[in-house]
Amino acid sequence: MMQTQKPHLIRLEVNYRGIFQKTLAYHISGDVVYAAHKEGKTAFSNGRYSDDPQRNGIPCANFAYFSKDLSEEDLEAEASASMDITEAEVVVVLDDTMVKGLEPWGGYGIRPINEKVVKDGAVLIVSNRKPADLVAQMEKKNFPYRLAILPGEASFAGLWYFKDDMTDVRVLGAIAKVAPEIASIDTVANYVASKYKSKEKAAAARKAYEEVKISTVNAGTGIDWPYPKPILPGWKDFDEGVYVKGVKRGFQMGPRGQNRNPDFKRGTSKTQRPVVRFDLCTKCTLCWYDCPDEVFDPTTDGLYDVNYEYCTGCGRCAEVCPVEDCIVMVDELKFENQDSPYVLYKKDPEKYVKWAEDKKGKERLMPSPVTGKGSSVSKVETPKPFKKGVVK
Amino acid sequence: MVEEVEEFKNANLYKGVHAVDLEELYTSGHRTCQGCESALVMRDFVKASGPRTVVTGATGCMYVANTSYMTTPWIVPWMHTQLAAGGASAVGMAAGLKALMRKGRIPKEKINVINFSGDLGAGDEGLGGLSGAMQSPYDLLVIVYDNESAANTDIQASGLTTWGAQTTFSPTGPAKRILHERWKKNLAAMMAIGHPNVKYVATSCATFPPTDYMNKVKKALSIGGPTLIHTIDPCPKGWDYHPRYSHVLGELAIKTGIFADYEIVNGEVRYTYDLRNKKRVPVREYLEKQGRFSHFLDEDYEYVQSKVDEMWDEWELPGILPIKAGLKVKK
Amino acid sequence: MVVKQEEKSVFDREELMTGTDAVAEAVKLVDVDVFAAYPIRPYTGVMDRLARFIANGDLDAEYIVADGEHSQFEIGKHASSVGARAFVGSSGVGWLYAMESIGVTATDRLPLVALVGNRALDDPGAFGVEHNDALLVRDLGWLLCWASTAQEALDTTLIAYRVAEDPKVRMPAAVAMDGGYLTHSQHMVRVPTKEAVRDFLPTYDLGNRRMHPDNPVSIAPQVNEDWVMELRKQNYEAAKRSRKVITSAYEEYNSIFHSEYENPFIEETNVEDADTVLVGMGSAAVVARSVANEMRKEGKKVGFLKIRWYRPYPTEEIRKALSNVSNVGIIERNFAMGAPDDGAITMHDLQSALYDSKNHPRVVDFIAGLGGREISKKEVRKMFEMTADKKSPKISWIGLRE
């Protein structure tokens, strides 16, 4: 009996932040198809349709598929031209805070970034972190896979104003290293040089090829994923009439005292989280008042707790807070859990303040009002003196 | 400061942000953008309206982003309605509830009937339906949340988009720098002037000045009959600015005078933020903070400024009535 | 004797009424809570009469003159969502103007009842009957039926509310009638008493889907591909269940009002032993029945089958009725340019229903009476003859000037 040979197929997933990295992700998933074409391979790409309309910050995904021997139609059939995929040989991550999990829409659950990677496949992350720091937030797999890190900060831009910081071509160079069977670095560099008519860009791709660091993540390394994968009900298992019960009304003062949508938490949208110095709070209420995600829980002493499970990290609270350094946005990867900061503060105020200052560090990310113009990092030369008690 | 006006003495207006109800009736867990101002328009109207409220949301961002089946952020009853059906949906609910109460099938009580529609829904396709609702005899409130685009289909121009803005229907290009050449439709005033029976029409911004929007909702609901509130909602996605600055842009929209903040109560105009004969913040400060105007040249900023100046300095009723009677009457 | 007394008690009076009057009377009898009007010929008579009821104090309902058909139907839909019994209606392009709302009313599973006074679609503007307007919603999740007489219009409207609002169904229902014919011709109608109608039709209760502060629900959140198939399947099942509900509603209607609806879905005239049968809907049935009876007297084995409920389609009933018939012809008051065989709409449903039957008959199609053109007895006779003639073409236009 002839055995059917499994066709050659490479599936590439590009995980990115909705809107901020949409153009970037489309550059990458498109260019990588062009490069594979240059080598005579069959390739096509698509975006996850359900991501649209994208909201800024929401985790989104593009896909690209490659084969040496399938026709375009067979490749599309093999890849099932699906809205979402279940397996990928290469998983690209354009913002490293996404290793904390992905929840693109309601009822999808919070899913691991490496959910789809296959045995010996690669997760390629743009990051300035050490591999161990990233793996420490990723799900453990029962097979080995490769972790590739391309040095760099997440490149964010706006809808109309593309920030050309070469992240797109750098990622292409890194893909050539991680999965040369898609396209070699020479092909990629030549393609980039001809498309952009720029030697610098081609050089950037080659530099990224050299810079990307690949390590192996052994089976069993990582964490037990804490979030369940939802099981969708069959058609008989839910009421007819296209309705759902509203969130049950419920409110009391204190942390987590407000009832919230239990089936859609928006926490995976954030790249930063607000760290609150409760000791500096003037109880002006503006953080609570201006929060477009209703994540501040009022407490009986007039302070406002933050529910990080739902916080999308927009930074409005930090912006409206009238007290300098009372609310500061801090890199989400510095945090291990979503625990209530207010509870921590009440338990041991001094310890909390020290912890908060420690997390905040000495750098402040100052975003430009126009998204595409990027952000600037300013050093806080000397830490603000520790103020005890509550400022009036 | 909230004025104690006779017609609103029973409206339980909030006297400052500390008086605002703490309980949420539209709660966390919605797929809105980071920093979304329209989400606050949702949260705050239902806070001001309270739990005895029924809501319809017309197709648009605040429909699709908010409710992902089988989940919802709404605590009060909410139902989707079609893009152009905002006004009609409110009429239908109000009529149904009224009939059921009169016939004794449900207890008699005041149930607030509110529809929210976006600028595309209410201002373009649903304009006729909105007019129909404003002619109806029912107590209802339509909130037009205006993020100046079809934000749900990735930012296409609507009739309420600021002149010159980049949208996916009006990209900037070498042949046409400015493709969106329509001046913003004067929606709230159009409704007020065209429907003399309407007792309350207001414009607002959800976060500036604080509590203003929520109190306007309370006023609209307490005065009775069909009412309308038109909010200006800075949209970090479509206007292209960092999400943390939504409130800054809302404040600037009002302080530059490009969006007039007022209420019309029983035919009487009250400017919430009166910029007549006052120094206004140059409109450029508002526009240049948004990526959608990144293609603007000096002449474009000047043009928009001249139109804003004309509105405040020459209109019979700035922001409301674009007629220059008494100021420049042609012979 | 006892029967006669009972009969007196369920009817209030007999009155000369048009089809639209009869529907208005039914809407009053069901104690409708909300109705919304917008004018377009020929359905609009129903709203004229309902408005008069309001003016005279004969009906306690919220009456809204809408700003257009889209709003009109949305008002009806949302009134229904808060638990109010609602009524709307339209004709021709007005019905099409409401189409978006018509679609969502079905997917929202709200039991709004609407009258369609069938009218040709513009352009050019034409007032006469064609069934394309109502047939456009045949696959959207509406219950859809045709009344041929004023009495049937009244009865069917009452039954439509009963079926639509049944918790096993909860689908909107459209009662169609031929514009210019039934909408405007007057016939004697037995009008039931309010009390009898109340016995037949329970109070509308949307249950756990009702929009009310005491029942906080979110209706129709946005879905992605994870949900749509399951939701569609639920709607299919409701449509399937409606067949049984229709059957039991007619049984009860017959028993309360002593009417003689033998089969709720179809009406057979001499079909049982016929060789040749014409099938049709609406007012053409009146003429066709008369001709079928006439030709029987002449010894010709012909029959007529009227379809009353078009959705749910009476698949089994039609199969059973036509299983021993050799020739079937369809009178179509609709068009379907470029359709298979260049026929009209209902032929395709009928052929599909018969395809799996062992001895399915030969089927021919007659496009007739478009835009309100009369279908005369002479023409019906011709259609019978052509149907019986194996050599006649598959599709024929009847009454067309060559």
Side-chain angles (χ1 to χ4, degrees), chain B residues 25 31 50-56 59 63-100 102-103 105-107 109 111-113 115 125-126 128-133 135-138, chain C residues 31-36 38 60-86 88 98 100-101 103-105 107-108 110 112 203-206 209-224 226-228 230-231:
Chain B
L25 298 169
R31 199 176 179 268
R52 305 310 281 177
T53 301
V54 289
V55 181
T56 53
T59 307
Y63 164 45
V64 175
N66 273 311
T67 43
S68 313
Y69 201 77
M70 286 192 142
T71 85
T72 180
W74 291 100
I75 291 174
V76 296
W78 166 94
M79 182 176 176
H80 172 225
T81 194
Q82 296 310 109
L83 184 62
S89 70
V91 171
M93 288 193 299
L97 292 170
K98 190 173 176 185
L100 294 177
R102 187 172 62 236
K103 294 183 183 186
R105 302 237 301 278
I106 57 173
E109 63 170 318
I111 295 176
N112 294 321
V113 173
N115 162 262
E125 197 179 47
L130 183 58
S131 170
Q135 281 197 314
S136 83
Y138 301 106
Chain C
D31 190 25
V32 78
D33 298 312
V34 175
F35 67 100
Y38 194 79
D60 180 12
E62 291 300 309
Y63 163 46
I64 296 132
V65 179
D67 57 276
E69 287 91 351
H70 187 274
S71 290
Q72 180 195 9
F73 278 63
E74 285 289 341
I75 288 167
K77 179 188 100 186
H78 285 280
S80 186
S81 79
V82 299
R85 184 171 282 157
V88 293
E100 181 192 40
S101 175
V104 290
T105 305
T107 48
D108 284 334
L110 290 167
L112 180 65
T203 309
Y204 170 40
D205 180 5
L206 195 52
R209 286 207 283 130
R210 178 177 67 114
M211 282 279 286
H212 188 275
D214 291 339
N215 184 51
V217 285
S218 285
I219 300 177
Q222 178 80 15
V223 298
N224 61 10
D226 283 342
W227 295 100
V228 179
E230 286 70 23
L231 293 166

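In what follows, chains are A, B, ... by sequence order, proteins preceding strands, each numbered from 1.
In terms of heavy-atom pairs under 4.5 Å with chain B, the best-connected choice from C:Ser71, C:Ala84, C:Ala66, C:Ser218 is C:Ser218. Top candidate by heavy-atom pairs under 4.5 Å with chain C, chosen from B:Lys98, B:Met70, B:Arg31, B:Arg102, is B:Arg102.
When all heavy atoms are compared, the tightest approach of C:Met211 to B:Val55 is CE-O, 3.4 Å. The minimum heavy-atom distance between C:Gly83 and B:Arg105, with the atom names listed, is O-NH2, 3.4 Å. Here the closest heavy-atom approach between residue B:Gly132 and residue C:Asp67 is recorded as CA-OD1, 3.7 Å. Heavy atoms only, all atoms of each residue included: C:Pro213 and B:Pro51 are closest at CB-O, 3.8 Å. The two residues B:Lys103 and C:Val32 make their nearest non-hydrogen contact at NZ-O, 3.0 Å. Shown here for C:Asp33 and B:Leu100, the closest heavy-atom pair between the two residues is OD2-CD2, 3.8 Å.
For the 3.5 Å distance criterion, the side chains of C:Ser101 and B:Gln82 fail to qualify, holding no donor opposite an acceptor.
Residues passing the ring-ring contact (aromatic ring centres under 6.0 Å, His included) test with B:His80 are B:Tyr63, sequence neighbours excluded.
If you measure heavy-atom distances from B:Ile106 to chain C, the contacts under 4.5 Å come from the side chain alone. Only the side chain of B:Glu109 comes within contact range of chain C, with heavy atoms under 4.5 Å apart. When heavy atoms are compared at a cutoff of 4.5 Å, C:Ser80 does not approach chain B at all. Heavy atoms closer than 4.5 Å to chain B are found in both the backbone and the side chain of C:Val223. Looking at B:Thr56, only its side chain comes within 4.5 Å of chain C, counting heavy atoms on both sides.
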